[in-house]
Amino acid sequence: MKIRNYTFQEFADRVKEFHGYEAPGIIVGGFMVDLAYGHLPEGWLLDALSETPKCLPDAIQLLTPCTVGNGWLTVVNVGRFALTLYNKENGEGVRVFIDAAKLEAWSELKTWFFKLKPKKEQDRDLLAAQIKEAGNRICGMQTVKVADRFIKKRARGLLGVCPRCREGYPIADGPSCLACSGKENLFQ
Ligand code: ZN
């Protein structure tokens, strides 16, 4: 059983190094990324979309060239534990999600996923064993085409100095930056 180029244990060690502990969500996410890769043609330049900010972005960043920083990974929090790897040119790709019905066969995985018990009452060893045994069998998959706004992200063009905050900002955003114009409220 491999997770991309790692054995299960190698990947668990990488997760621990990267995240501080063997986060179940990243291990599960590793199987999800692996499953998606297996159904995409080789040689595609991929972008990634995560539907949650929790754990899946870390799995994607550990196993693909896509990071938030290089712009190839977009996180949109719709609260679903799902990811899509897609062709950055045409948006076609594969979405992998946790299939709630398939979790019925894995009691502790189900308890963890749906937070049916407080974390300290969950059986961590049983959870780890079930994650390893289940692998990608708790996943569902569909072919998708992502929305236009996720394809070939527009460059933001020339930068200028905002007349209000005196910081650099994309001139295409208007006469002042989006923070000063009140279109994006970042602070109270
Ligand atoms: Zn400004």
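Numbering of ligands and ligand atoms starts at 1, following listing order.
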Notebook entry, point to check: Taking the side chain from Arg164 and the backbone from Cys180, do they hold a donor-acceptor pair closer than 3.5 Å?
Noted result: yes
Notebook entry, point to check: Side chain of Arg124, backbone of Lys120: donor and acceptor closer than 3.5 Å?
Noted result: no
Notebook entry, point to check: Just wondering, more than 12 heavy atoms not from Lys2 lying within 6.0 Å of its NZ?
Noted result: yes
Note to self: Tell me whether the count of non-hydrogen atoms from other residues, nucleotides or ligands lying under 6.0 Å of CG in Asn5 goes above 12.
What the structure shows: no
Checklist line | Backbone N/O of Asp123 and side chain of Glu108: donor-acceptor pair under 3.5 Å | finding: yes
Notebook entry, point to check: Ignoring hydrogens and geometry, is there a side-chain-to-backbone donor-acceptor pair from Asn136 to Cys139 under 3.5 Å?
Noted result: no
Item checked: Atoms of protein origin (N, O or S) under 2.8 Å from the Zn ion (ligand 1) -> Cys162 SG, Cys165 SG, Cys177 SG, Cys180 SG
